[in-house]
Amino acid sequence: MAAIIDGKAFAAGLIAHISGAVSDLAAKHRLQPGLAVVLVGEDPASRVYVRNKGRQTKAAGMNSFEHRLPEETGEAALLALVRRLNQDPAVHGILVQLPLPAHIDPSKVINAISADKDVDGFHIENVGRLSVGEDSPVPCTPAGCLMLLRHQLGDLSGSRAVVVGRSNIVGKPVAMLLLRENCTVTVAHSRTQGLAAVCREADILVAAVGVPEMVKGDWIKPGATVIDVGINRIENRDGQTRLVGDVDFEAAMKVAGAVTPVPGGVGPMTIACLLRNTLMAACRRHRVAIPPGL
C-alpha cells in the first residue's frame, strides 16, 4: 500500500514558517509584504479562491488588497488598475485571478504586471528566466509539486519523470523544475502514442490534464511517486458530487510507492507557495536577505 503524501500538513508547516519570517521582517526592517488580488466577474470557484487567498494572506501577517471588478469591466480599465498596482509601494505581489471574461486578453494583462511583482510566475520574462535556469518567481502549483517531491524522495537526480499535461500553468513549468533537479523528463499529452506505456516508465509521475481519474493503476510503475494535480468535480450515482484527481486514487494506492490525495495533496500547496512568492518579492524589492528555509 502506497504512502499518502500529506500536502495539507506540509503547507501548514510552510505557512507557519512564512508567518515567522513576516514577523521578523516587520520587527527588523519595518517591512510588511503586501499581496493584491484582482477578480473580474462572479465565477463561483474564483470567488472561493480569492476569499481563501485573502484570509490566508492576512493570517500570515501580510497586507491583503482585494479588487473585485464587475464582469463587464473593459480590458483598458483592468490594465489601468494593474499599472496603478505596479506603482503602489505597499504592493509587492499582484495576482489577477484566471479565467478572465472572454473580452479580455489574459496574456496582455499578465504581461502588464511588473515582472518583479508577478507572484504567479506567468509573466513572459519570468517564464524565460525559468526556462534557462535563472532565478525567478516560480508558478505556485509547480513549486508546490517540487517541494512535495523533495520532501518525499530527497534527491531527485537521475529519476525518470513523466509529466502528463503541457499547460503553461502546470505541465511545462513542472517539467522545467524537474530538469533543474537533474531528472530525465518526458512531457506527455493527448497526442502521445502509447500513453499508458510511457507513464509506466516513470519513477515520478505528475498528472495535470484535468480529466477525472484518467491515470489508471496499471499505468503506474510499481513503487513510483505520483503527484496528482487534477481537481475535478464528479457526480456519484446518488447525485452527490465529490472531488477527484486525474489519477484513480484507489487503484494507484495498490501500486505506487507514494501518492498525493485529492483533496489535501497539491491544492493546499498552491496558496502556501503564493505567500512564499510574495514574501520573496518583498525581500527582493527592499534588498533584504530572503529568510532561510524558503
How many angstroms lie between atom [atom1] of [X] and atom [atom2] of [Y], to the nearest 0.5 angstrom?
| X | Y | atom1 | atom2 | answer |
| --- | --- | --- | --- | --- |
| Ile18 | Leu294 | CD1 | CG | 6.0 Å |
| Asp120 | Cys273 | CG | SG | 11.5 Å |
| Ser19 | Asp24 | OG | CG | 11.0 Å |
| Thr260 | Leu149 | OG1 | CG | 9.0 Å |
| His17 | Leu275 | NE2 | CG | 13.0 Å |
| Gln56 | Ile15 | CD | CD1 | 4.0 Å |

So, for [X] and [Y], which heavy atoms are closest and what is the spacing to 0.1 Å?
| X | Y | result |
| --- | --- | --- |
| Leu39 | Ser46 | CD1-CB, 3.6 Å |
| Cys199 | Val164 | SG-CG2, 3.7 Å |
| Gly217 | Val255 | O-CG2, 3.8 Å |
| Ala282 | Leu31 | O-CD2, 4.0 Å |
| Ile104 | Thr73 | CD1-O, 3.6 Å |
| Val198 | Gln193 | CG2-O, 4.1 Å |

Item to check | Verdict with reasoning, Ile227 to Val174, per side chain to side chain contact (heavy atoms under 4.5 Å, CB included) | outcome: CA-CA 11 Å; Ile227 302 295; Val174 164; over 6 Å; no
So do [Y] and [X] actually touch side chain to side chain, heavy atoms under 4.5 Å?
| X | Y | value |
| --- | --- | --- |
| Leu98 | Ile110 | yes |
| Val187 | Lys172 | no |
| Asn182 | Leu156 | no |

Backbone N/O of [Y] and side chain of [X]: donor-acceptor pair under 3.5 Å:
| X | Y | answer |
| --- | --- | --- |
| His286 | Val288 | no |
| Ser167 | Val170 | yes |
| Asn111 | His123 | no |
| Asp228 | Val247 | yes |
| Lys216 | Asp248 | no |
| Asn277 | Pro137 | no |
| Asp246 | Val209 | yes |
| Gln32 | Gly61 | yes |

Would you call [X]-[Y] a salt bridge at under 4.0 Å N-O?
| X | Y | value |
| --- | --- | --- |
| Glu181 | Arg150 | yes |
| Arg285 | Asp116 | yes |
| Arg284 | Asp135 | yes |
| Glu125 | Arg129 | yes |

[X], [atom1]: over 12 other non-hydrogen atoms inside 6.0 angstrom:
| X | atom1 | value |
| --- | --- | --- |
| His151 | NE2 | no |
| Tyr49 | OH | no |
| Lys108 | NZ | no |

Item to check | Donor on one side chain, acceptor on other, Arg55 and Ser64, under 3.5 Å | outcome: no
Item to check | Qualifying residue for side chain to side chain contact (heavy atoms under 4.5 Å, CB included) with Arg160, from Leu205, Ile204, Asp203 | outcome: Asp203
Next on the checklist: Exactly one of Val38, Asp105, Leu78 should register a side chain to side chain contact (heavy atoms under 4.5 Å, CB included) with Leu100. Which one does?
Outcome noted: Leu78
Item to check | Check against side chain to side chain contact (heavy atoms under 4.5 Å, CB included), Ile4 and Phe249 | outcome: CA-CA 10 Å; Ile4 294 177; Phe249 180 76; 4.1 Å; yes
Item to check | side chain to side chain contact (heavy atoms under 4.5 Å, CB included) assessment of Met214 paired with Leu195 | outcome: CA-CA 11 Å; Met214 185 187 82; Leu195 179 57; 4.0 Å; yes
Item to check | From CA spacing to verdict: side chain to side chain contact (heavy atoms under 4.5 Å, CB included), Thr141, Val266 | outcome: CA-CA 7 Å; Thr141 300; Val266 174; 3.7 Å; yes
Next on the checklist: Assigning hydrophobic clusters by single linkage (Ile, Leu, Val, Met, Phe, Trp, Tyr; side-chain heavy-atom cutoff under 4.5 Å), is Leu153 placed with Val229?
Outcome noted: yes
Item to check | Same apolar cluster: Leu146 and Val259, side chain cutoff 4.5 Å | outcome: no
Next on the checklist: As a quick check of understanding, evaluate salt bridge (Lys or Arg N to Asp or Glu O under 4.0 Å) for Lys221 and Glu201, giving each step before the final call.
Outcome noted: CA-CA 6 Å; Lys221 178 180 179 179; Glu201 297 176 356; over 6 Å; no
